[in-house]
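Just passing along the structure, written as structure tokens.
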Amino acid sequence: MDIPNSIKDLRHRFLKTLETQKNFSPHTLSNYQRDLEQWIHTHFSEEALQKKVSIEWLNDYDYDQAKLFLYSLNDSGYAQASIARKIACLRSFWAFLKMEGVSSQNPWKLIKFTPKSQRLPEVLSADQMHSFLDKLPKKTLLEKRNLAIFELLYATGMRLSELTALDQNDLDLRENRCQVIGKGNRERVCFFGITCAKAIQNYLSESTQK
């Protein structure tokens, strides 16, 4: 069986399963695709990829080979969080291979890897954030839009991806709340205060007049 076609076909079906059955985000799917491509090209040269090799090789892949791959990542200077994600990707991929009957084992389940603790990022205090919001310009339509965005992010703590997916129909300015779709395509309700509601209303009122 031709390795490029075999592995790429398995990789394609694996990613499709994550997308349609597990509701993985496009960002995570893109990362996993790159992680799998890297794993393939770490183990095979372009010349080797053109040769016919039995797909049984995947079943023979063991814990020691998995560790060697991780050592190569560490020696290349990859961040601990990136290595942890690659392990998660390959662990999930091998679980898929077991389900497909391609492999009888999952060597990645034996890998115990805990990213080193990192310093928490510095954040603005409430007073600093209020000062920042108060000093934002509010004259033009673009400035009013930006203020509404910052107010909504600060008030709800929603992710940028959740904010960009918002539709006007998701906003309830009478109840000061909005419906957002988060990770795993799960819906939740976020609430905000009067100041945020006014900023949103000011922007929407002017934008509808343009």
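Worth saying up front: this structure is predicted, and the values here are computed from it rather than measured. Reckoned from all heavy atoms, side chains included, excluding hydrogens, waters and symmetry mates.
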Euclidean distance, Ser82 OG relative to Asn74 CG, rounded to 0.5 Å: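 One gets 12.0 Å once the value is rounded to the nearest 0.5 Å.
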
Side chain to side chain donor-acceptor pair (under 3.5 Å) between Tyr78 and Gln38, worked out: CA-CA 13 Å; Tyr78 278 89; Gln38 181 184 19; 2.8 Å; yes

Thr28 side chain reached by Arg85 side chain, heavy atoms, under 4.5 Å: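 Answer no - side chains too far apart.
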
Co-membership, hydrophobic cluster, residues Ile181 and Ile149, 4.5 Å side-chain: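 Hydrophobic grouping puts Ile181 apart from Ile149.
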
Sub-4.5 Å side-chain heavy-atom contact between Ser207 and Leu141: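 Result yes, sub-4.5 Å side-chain heavy-atom pair found.
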
Test ring pair (Phe, Tyr, Trp, His ring centres under 6.0 Å) applied to Phe192 and Tyr154, step by step: CA-CA 9 Å; Phe192 46 84; Tyr154 176 57; over 10 Å; no

Nearest heavy-atom neighbours spanning Leu173 and Gln201: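 Result for this residue pair: CD1-OE1, 3.0 Å.
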
Short side-chain to backbone donor-acceptor contact, Ser131 and Gln128, under 3.5 Å: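 Absent.
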
Flag, side chain of Gln65 to backbone of Asp62, donor-acceptor distance under 3.5 Å: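 Answer holds: yes.
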
Gap separating the OG1 atom of Thr20 from the CZ atom of Arg13, nearest 0.5 angstrom: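 The OG1 atom of Thr20 sits 12.5 Å away from the CZ atom of Arg13.
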
Residue pair Glu175 / Phe191: nearest heavy atoms and the distance that separates them: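 Taking Glu175 first and Phe191 second, the nearest heavy atoms are O-CD2, 4.4 Å.
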
Separation between CE of Met129 and CG of Asp127, rounded to the nearest 0.5 Å: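 Answer rounded to 0.5 Å: 12.5 Å.
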
Residue pair Arg145 / Thr140, side-chain heavy-atom distance below 4.5 Å: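 No, every pair of side-chain atoms sits at 4.5 Å or beyond.
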
Minimum heavy-atom distance Gln179-Glu187, with the two atoms named: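 Scanning both residues, the minimum pair turns out to be NE2-OE1, 3.2 Å.
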
Minimum heavy-atom distance Ala66-Ile111, with the two atoms named: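 Minimum heavy-atom separation between Ala66 and Ile111: CB-CD1, 4.3 Å.
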
Test item: Asn176 and Asp172 side chains (from C-beta on) under 4.5 Å apart, heavy atoms: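 The answer is no; the side chains never approach within 4.5 Å.
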
Val180 side chain near Arg188 side chain, heavy-atom distance below 4.5 Å: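 A side-chain contact exists here, since the closest heavy-atom pair is under 4.5 Å.
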
Heavy-atom side-chain proximity of Leu90 to Leu36 below 4.5 angstrom: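 Yes, at least one pair of side-chain atoms sits under 4.5 Å.
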
Closest contact, heavy atoms only, Leu15 versus Leu29: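 So the two residues come closest at O-CD2, 3.7 Å.
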
Flag, side chain of Asp170 to backbone of Asp167, donor-acceptor distance under 3.5 Å: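 Yes; at least one donor-acceptor contact below 3.5 Å.
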
Main-chain N/O of Ala88 paired to Ser92 side chain as donor or acceptor, under 3.5 Å: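 Side chain of Ser92 to backbone of Ala88: a pair is present.
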
Non-hydrogen side-chain atoms of Leu166 and Leu152 separated by less than 4.5 Å: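 Leu166 reaches Leu152 side chain to side chain.
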
Straight-line distance of Asp35 CG to Cys89 SG, nearest 0.5 Å: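 Going from the CG atom of Asp35 to the SG atom of Cys89 covers 4.5 Å.
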
Lys139 side chain vs Pro137 backbone, donor-acceptor pair below 3.5 Å: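 Not a single qualifying donor-acceptor pair exists.
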
Within the 6.0 Å centroid threshold, strictly below: Phe93 and Tyr32: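 Ring-ring flag for Phe93/Tyr32: false, centres at least 6.0 Å apart.
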
Transitive ILVMFWY side-chain link Ile83 to Tyr71, under 4.5 Å: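 Ile83 and Tyr71: separate clusters.
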
Chi angles and distances behind the side chain to side chain contact (heavy atoms under 4.5 Å, CB included) call for Glu143, Leu136: CA-CA 8 Å; Glu143 291 170 348; Leu136 283 176; over 6 Å; no

Cluster check Tyr63, Leu70: I/L/V/M/F/W/Y, side chain < 4.5 angstrom: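 Same cluster: Tyr63 reaches Leu70 through Ile, Leu, Val, Met, Phe, Trp or Tyr contacts under 4.5 Å.
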
Distance in Å, Tyr203 OH paired with Lys144 NZ, rounded so as to fall on 0.5 Å steps: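 Taking OH in Tyr203 and NZ in Lys144, the distance rounds to 11.5 Å.
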
Separation of Phe14 CZ from Met99 CE (nearest 0.5 Å):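 That separation rounds to 9.5 Å.
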
Note, Phe150 side chain near Phe132 side chain (heavy atom, < 4.5 Å):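 Result yes, sub-4.5 Å side-chain heavy-atom pair found.
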
Carboxylate-amine/guanidinium proximity below 4.0 Å for Glu151 and Lys198: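 No salt bridge links Glu151 with Lys198.
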
Those residues that, when tested against Glu19, pass salt bridge (charged side-chain N to carboxylate O under 4.0 Å, His left out) (two or more places apart):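 Expected list: Lys16.
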
Path from Ile200 to Val189 over hydrophobic side-chain contacts below 4.5 Å: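 In one cluster: no.
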
Nearest heavy atoms of Ala148 and Ala199, plus distance in Å: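 In this case the closest contact between Ala148 and Ala199 is CB-O, 3.8 Å.
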
Intermediate values then yes/no, side chain to side chain contact (heavy atoms under 4.5 Å, CB included), Glu162 and Thr156: CA-CA 11 Å; Glu162 295 171 339; Thr156 63; over 6 Å; no

Leu142, CG: over 12 other non-hydrogen atoms inside 6.0 angstrom: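 More than 12 within 6.0 Å, yes.
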
Residues Gln105, Lys98; criterion side chain to side chain donor-acceptor pair (under 3.5 Å); working and verdict: CA-CA 7 Å; Gln105 58 182 344; Lys98 287 187 67 176; over 6 Å; no

Donor-acceptor under 3.5 Å (Asn59 side chain, Ser104 main chain):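 Here the side-chain-to-backbone pair exists.
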
Check: Phe69 main-chain N/O paired with Ser72 side-chain donor or acceptor under 3.5 Å: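 Yes, because the side chain of Ser72 sits within donor-acceptor range (under 3.5 Å) of the backbone of Phe69.
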
Under 3.5 Å: donor-acceptor pair, side chain of Gln21, backbone of Thr17: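 The answer is no, because no donor-acceptor pair under 3.5 Å joins these two groups.
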
Chi angles and distances behind the side chain to side chain donor-acceptor pair (under 3.5 Å) call for His130, Asp134: CA-CA 6 Å; His130 292 157; Asp134 290 340; over 6 Å; no

Donor-acceptor under 3.5 Å (Ser30 side chain, His27 main chain):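 Looks like no, no N/O pair under 3.5 Å.
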
Leu68 reachable from Leu73 in the ILVMFWY side-chain graph, under 4.5 Å edges: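 No, separate clusters.
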
Worked verdict on Tyr61 versus Trp94 for ring pair (Phe, Tyr, Trp, His ring centres under 6.0 Å): CA-CA 10 Å; Tyr61 194 84; Trp94 245 262; 5.2 Å; yes

